[in-house]
Amino acid sequence: MWHAVEKPTYYLWKQNYNTEEELQKAKDKYIKNGFRVVIYRDGQNEKNIQEGIKALIKNHI
């Protein structure tokens, strides 16, 4: 039995894009380059998503 290598995750803020088409184009670019893409629709885009996720995990363990 073999195990697939997990794809790295890339996070996008929806607010950084003026249109859905721009957002989809960026998402497609990262997917094509081997990333799994997560889009945050709410929140403050000046915040670092990676740090927020780490804090969330740390505070809920």
Side-chain angles (χ1 to χ4, degrees):
M1 179 153 104
W2 62 278
H3 296 279
V5 175
E6 290 187 32
K7 294 180 179 181
T9 303
Y10 197 88
Y11 300 93
L12 297 173
W13 287 109
K14 183 178 180 185
Q15 296 95 329
N16 287 346
Y17 301 92
N18 295 321
T19 66
E20 288 289 327
E21 291 79 21
E22 289 178 4
L23 177 62
Q24 188 62 46
K25 186 176 179 181
K27 180 181 174 184
D28 292 344
K29 176 181 78 171
Y30 289 109
I31 289 172
K32 181 180 175 186
N33 286 302
F35 287 89
R36 178 177 52 166
V37 178
V38 174
I39 298 172
Y40 284 91
R41 300 195 184 282
D42 297 325
Q44 300 171 343
N45 60 349
E46 67 274 1
K47 302 288 183 180
N48 183 318
I49 294 173
Q50 284 12 2
E51 293 303 317
I53 292 170
K54 288 177 192 175
L56 178 70
I57 293 169
K58 182 179 178 183
N59 291 330
H60 288 87
I61 291 182

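- The CG atom of L23 sits 9.5 Å away from atom CG of D28, with the distance rounded to the nearest 0.5 Å.
- A distance of 11.0 Å separates CD1 of I39 from CD of Q15, quoted to the nearest 0.5 Å.
- In this structure, CZ on F35 lies 10.0 Å from NZ on K29, to the nearest 0.5 angstrom.
- Closest approach of P8 to G34, counting heavy atoms only: CD-O, 3.6 Å.
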Let me see the working for L12 and Y17 under side chain to side chain contact (heavy atoms under 4.5 Å, CB included), right down to the final yes or no. CA-CA 9 Å; L12 297 173; Y17 301 92; 3.5 Å; yes

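- By the side-chain contact (heavy atoms from CB on, under 4.5 Å) test, N18 pairs with E22, sequence neighbours left out.
- Between the NZ atom of K27 and the NZ atom of K14 there is a distance of 12.0 Å, given to the nearest 0.5 Å.
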